[in-house]
Each structure stands twice: as structure tokens, then as C-alpha cells.
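Values in this document were obtained by computation on a predicted structure and should not be read as measured data.
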Amino acid sequence: MASGSGGEWTGQRPCGRFGSGRVTDRRMGIRPSMSDQPTKVLRLILGDQLNASHSWFDQVRSNVVYLIAELMQEQTYVRHHIQKTAGFFLAMEGFAKDLAAQGHEVHYATLDETAGFESLPEFLVDVMRRGGISHFEYQRPDEYRLRKQLSDWVAQSGVIARDFSTEHFFLSDEALGDYFHSGKAYRLEHFYRKMRERFDVLMEEGGPLGGQWNFDAENRKRLPKGIEIPEPLMFCNDAEDAVNRLKRHGVETLGALDGPLGWPVNRAQALSLLTDFCLRMLPFFGPYQDAMTHRGWSLFHARVSFALNTKMLSPQEVCDAAIRAYNERPDEIGLAAVEGFVRQILGWREFIRGIYWANMPEYADRNELEAQGELPHFYWDGQTKMACMQQAIGQSLEFAYAHHIQRLMVTGNFALLLGVHPDQVDAWYLGMYIDAIEWVEMPNTRGMSQHADGGLVGSKPYISSGRYIERMSDHCRGCAYKVSARVGDSACPFNVLYWDFLDRNSARFAKNPRMRMMIKNYERIDADERVAITAAAKSLRARRHEL
Ligand code: FAD
Ligand code: SF4
């Protein structure tokens, strides 16, 4: 298949000649062709391709119909949070309306129209037949599953097709190959420095601004007592129609949506969220990015991941906005804060994407630690006595959101220590979060959080006992378990499972320099207590649903 920002046409059928139309009626479907008009082209826009700056939209073309569709296959490959599905539907519908207002011909297909079609290709065939359209154009999907589905269909059906870049990421699909190769382990820090240089971000005189690449030592602080946590900016989007459609078609969702949807569903809202972040949160982002508290669910985080992953915002403009804010208010924001933020987007987000595309589809089956356990039921309802888990899962169900350290060091850490099969962990993260799209969810979950990729993303498993959670949060004070205890009925389950993990995996990680200290600490525990830890871990696993 062709690549680049606009590939060559592929397929065997001759070009037809078709009529142009304007905005189409949902029930009537797209307008059929007329023989004296130029070749009519169907351009597919997926729910995470809402990039208003894409070159497709530079001109209104009378022979192009844009198709945006709510698809049943996207509702059923995993059970999604209701706010995620509603958020996608509202954002897609709003994008369709904006395109139509600019004069483009757009067909927005709701579930009411598409529900009878089992797959995207099946629906495309129908739309193209109804409209008498022979030419098909699409932006390459970011998910392997969809990219393969479309390219297989193009190859097998012989449809005349052309694929395009999404024009979203810092690194194009082709440029990813300069940095990532299948099966090779890479480290974020090295990649991130290259990205800073390549895109000239926070650089001066050929080196990093401020003379330092990394300000981690100034970041990662615990929240000071009494620090005011800002109320997150929420929007008031009416999701009733979308929710009713889901109900009407029997789509099973998880989580809650009581009232309007608070997530941004159009570019204006996405930009407001970004501006608000730069104004109120950014000065505190760096220092407190790893902090956790029951006093707030998003603290100083940006909550721009949904807007970024649907492409309503570009990563370049998000970094630019943060750097502009820093340049305007350097004393208030500080280099550590802005660097910490840019690192997440220019660094981690692009890095994760590189790992995904270099290693799919094999990556989806990796289970290096051979974990086979079942995910505890409380991941789905938040009913647990562990205060840290209660907060992380409870807010996920309520808002479809948890911040990075909650995902990594609370829910992810616990699943890893318990030994849950990565397929189950993946399905949970992929369904739960508003921003969860496989290309970014999977390397974060299976790789960074579960170490199931054998270290392609991270050089060691992200594990900790309850002590880390105690240090970074206020959860342990109000918990039914004792963070100071290693064994016994009231011992913090993170403690028991942490030491048990080291016991089970000490041979595997014996040569890993970053694990040496942990393993040494375990070996210092006397033999009787080690036996008690193993027994306690076995008992916890047997009671996994009741913890
Ligand atoms: P902030 O903390 O404000 O960071 C700003 C932005 O940086 C984010 O919006 C995001 O675009 C980017 N970013 C930060 N960390 C990462 C990272 N590790 N990988 C990629 N981008 C990053 N992120 C997703 O976008 N989708 C997912 O499905 C997803 N699943 C995750 C699963 C696990 C187990 C873990 C540990 C992390 C996951 N992340 C995922 C990464 C990160 O947790 C979220 O991007 C972040 O919490 C989103 O909230 P925010 O916008 O407030 O982020
Ligand atoms: Fe979590 Fe353990 Fe602290 Fe309870 S004691 S909040 S389970 S870390």
C-alpha cells in the first residue's frame, strides 16, 4: 500500500464518474452519482482522526464525500466506559457538523444506520454502492487492528484506494523506523533527547535549555499539607441522545454518566482546557505529577489525553502552549515544570507509539512473566478495603480518568504483584479510560506497567510495596490495612505481594542492576518470615476478590 502524506491509488477497478453533493441526510444516505460529474471519492474519518488542520480540508472538493460513522465493531471489541463512548460520539458528530459548515459534503452515520453491519468494510461497501462511489481514501489508523482491517479489505476487494498520514504526530510513520526496530529495547531518556534536538524544543546553543535535560530530582514531590487543589475545568455537554442510542442498540458499557459529559468534545473546548491547564496547573505539574490524594482526582494534570488522542489538539500545539506560558511567566512556572510536561508529550507519547508499531502484532501476546491470574472483581466496581485502590478505581468509574501514577503504581502495580494475566489487565485499561486507544494503552499497560514485554519499554518492572504509596499519598492513613505490616491479617496487601513477587522472580532479575537492591533487601528477611510471606500471598490470591 502506498504511504506518505498521500499515497498512490491502489486497486484494479477503473475510475467511475460520479456526481457531487452537499450535506447528506442520515436516513436518506449519501447521494448517488451522476454520470457527467468527476470521479467521486469517499474519504473515511475515524473517531480518533478529528484533525481539523488536516490537509484534506484545505479546499472544498465537490467530488469528495466525508464519512464519519459510529460503528458497532468499535463498541464491542472491548467493553468501554460510557463516558468514553459518549465522548467519541459527541466529538465525531461535532466534527462532522463543523466540516459541513465549511462547505464539505459529509455523511454522519449513527449507530441507527450502521448497527446492522458487522464490520467497517461491510458498511463501506454499502455506502459506496449506494453513492455509486468507486474511489476510497483513508488516513492510516493508529491501531494495528483497524489498519490491518482496512488494508486487507483494500487488497482483497480491489477497491481503488489511497491512504494518507493523519498529520498528527511529531514523527511520521516513516520516521518511526529511524528510531525503533522490532524486539529491541529502547530507553525513553535517549529517545527524548534526540527528539528535543530534532524538533528544536527547549534547546539553546545546541544544548538543553538551562543546561540540564532532566529535572526529575526537582519533581516527584509529595503534596504539601494545605496546598489548594484547583477544581478541574469541566464542560456541560448533553450526551443524552448518544447514551440513548447506545441503550437502543444494546451496547454494554461500564462506569457512570450521571448528567452532562464533562470532557471536551470539540476544538474550542479542547483549547479552553489547554489554556486553563497552562494558567492554573502547569506551575505545579512538575513537582506534584506523582502525588496522589483523596482530595482531588486530577490534581495538576492536564487531562488533555482525550483531546490529543482524538486529534482535536496536536502534540505540537500542546507543547507550544506550555512553552509559551513558561516564556511569559518564567518565575511562576519554572523550567522543571515545563520540561516535565514536554517530556510526557514529545518524549513518552511518541516513544510509546514507536514501541507499538515496531512490535505489533506479536506485542499483543507477550507475557514474559507468565502471569495467569484473574483480575479481582473489585476492579469493575471499586468495592475494596484498600483505600488507594478504592480511590483509583472509584474515580475511574466516575470520570473515566486516573492520572499516570494511579494507573502505574496503584492499579497496575497491584495487578502485576498479584500476577494477573496481561490480557485481562489490557482489557480493563482499554475499556476504562477516556483516552484509551490501543496504540498508547497497550505499551503502557502490557509493557511499562506489567513488564510483559520483557523490558522493551522499561528496564525493570514498576513494582513497589505500600511504602511508596504511603510516601506519595494520603491514602494509608484512612485504610483498613496497615502499611507498616509485612505479614498478618491486617498487613497491606501491596507489602505481602511485593515481597512475594521478589521471591518468585529473584532468579529472573538477579542480573538486572536496577533490581539488585530490592532483591538484596528481600534476602535480608529471615527465613521464617519469608515462609510466612509466601503463605500470606497464597492466601491473598485465594481471596483476591474480597480484599
Ligand atoms: P498529564 O499527566 O497531564 O500528561 C500530559 C500528556 O502527556 C498526556 O495527556 C499524554 O498525552 C502524555 N503522556 C503522559 N504520559 C504518557 C505515557 N506514558 N504514554 C503516552 N502519553 C503520555 N495514556 C493514554 O493516552 N491512553 C491510554 O490508554 C493510556 N493508558 C495507560 C495505561 C497505563 C497502565 C499507564 C501506566 C499509563 C497509561 N497512559 C495512557 C499514559 C498516561 O497515564 C496518560 O496519558 C495520562 O494519565 C493522561 O492524563 P493527562 O492528560 O492528565 O496527562
Ligand atoms: Fe494502599 Fe496499603 Fe496504603 Fe492501604 S495501606 S492505602 S492498601 S498502600
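Side-chain N or O atoms of Asp500 include none that pairs as donor or acceptor with a backbone N or O of Thr534 at under 3.5 Å. Judged by distance alone, the side chain of Ser172 and the main-chain N or O of Ala175 form a donor-acceptor pair under 3.5 Å. Of the possible polar contacts, one joining the Gln344 side chain to the Gly340 backbone as a donor-acceptor pair under 3.5 Å is found. Side-chain atoms of Arg220 do not come within 3.5 Å of backbone N or O of Asp290 as any donor-acceptor pair. Judged purely by atom type and a 3.5 angstrom limit, Gln390 uses its side chain to pair as donor or acceptor with the backbone of Thr384. No donor-acceptor distance shorter than 3.5 angstrom exists from the side chain of Tyr326 to the backbone of Pro283, with no hydrogens or angles considered. Looking at Gln424, its side chain does come within 3.5 Å of a backbone N or O of Leu375 through a donor-acceptor pair. For Arg79 (side chain) and Trp428 (main-chain N/O), no donor-acceptor pair under 3.5 Å exists by modelled atom type. Not a single donor-acceptor pair under 3.5 Å links the side chain of Arg343 to the backbone N or O of Val338. No side-chain donor-acceptor contact under 3.5 Å links Trp499 to the backbone of Tyr522.
Cation-pi contact between Arg145 and Tyr77: present, with separation from the ring centre below 6.0 Å and deviation from the ring axis of at most 45°. Geometrically, Lys184 does not engage Phe180 in a cation-pi contact, judged by NZ or CZ lying under 6.0 Å from the ring centre and within 45° of the ring axis. Because its NZ or CZ atom is not both nearer than 6.0 Å to the ring centre of Phe169 and within 45° of the ring axis, Arg349 does not count as a cation-pi partner of that residue.
Here NE2 of His403 is found 5.0 Å from CG of Leu299. Values are rounded to the nearest 0.5 Å. For the atom pair Phe351 CZ and Leu346 CG, the distance stands at 13.0 Å (nearest 0.5 Å).
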Would you please test Arg366 and Asp423 for salt bridge (Lys or Arg N to Asp or Glu O under 4.0 Å) and show each step?
CA-CA 9 Å; Arg366 296 291 302 263; Asp423 284 357; over 6 Å; no

So Gln450 and Glu368, side chain to side chain donor-acceptor pair (under 3.5 Å) or not? Walk me through it.
CA-CA 9 Å; Gln450 300 302 297; Glu368 186 74 11; over 6 Å; no

How far apart are the C-alpha atoms of Phe399 and Trp297, what are their side-chain angles, what is the distance that settles it, and do they pass the ring-ring contact (aromatic ring centres under 6.0 Å, His included) test?
CA-CA 9 Å; Phe399 299 110; Trp297 58 275; 3.9 Å; yes

Check the pair Lys311 / Asp142 against salt bridge (Lys or Arg N to Asp or Glu O under 4.0 Å), numbers first and verdict last.
CA-CA 11 Å; Lys311 303 184 179 61; Asp142 288 320; 2.5 Å; yes

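Minimum heavy-atom separation, His475 to Met292: NE2-CB, 4.0 Å.
Note: Phe191 and Tyr179 meet the aromatic proximity criterion, with ring centroids under 6.0 Å apart. Checked against the 6.0 Å centroid criterion, the rings of Phe285 and Phe300 do not qualify as a close aromatic pair. Ring-centre distance between Trp56 and Tyr138: not below the 6.0 Å cut-off. Ring centers of Phe341 and Phe277: under 6.0 Å apart, within the cut-off. Checked against the 6.0 Å centroid criterion, the rings of Phe501 and His451 do not qualify as a close aromatic pair.
A side chain to side chain contact (heavy atoms under 4.5 Å, CB included) with Leu502 is found for one member of Met515, Arg530, Glu523 and no other, namely Met515.
In this structure, Asp435 pairs ionically with Arg407, as a charged nitrogen and a carboxylate oxygen lie closer than 4.0 Å. Using a cutoff of 4.0 Å between basic side-chain nitrogens and carboxylate oxygens, Arg353 and Asp173 are scored as salt-bridged. Glu317 has a carboxylate O that lies under 4.0 Å from a charged side-chain N of Arg267, or vice versa, which qualifies the two as a salt bridge.
Counting non-hydrogen atoms of other residues, nucleotides and ligands closer than 6.0 Å to NE2 of His190 gives a total of 12 or fewer. Heavy atoms of other residues, nucleotides or ligands lying less than 6.0 angstrom from CD of Glu204 number more than 12. Heavy atoms of other residues, nucleotides or ligands lying less than 6.0 angstrom from NZ of Lys194 number 12 at most.
With a 4.5 Å cut-off on side-chain heavy atoms, Tyr379 and Met389 count as touching.
Between the side chains of Asn444 and Tyr429, no donor-acceptor pair is found at a separation under 3.5 Å.
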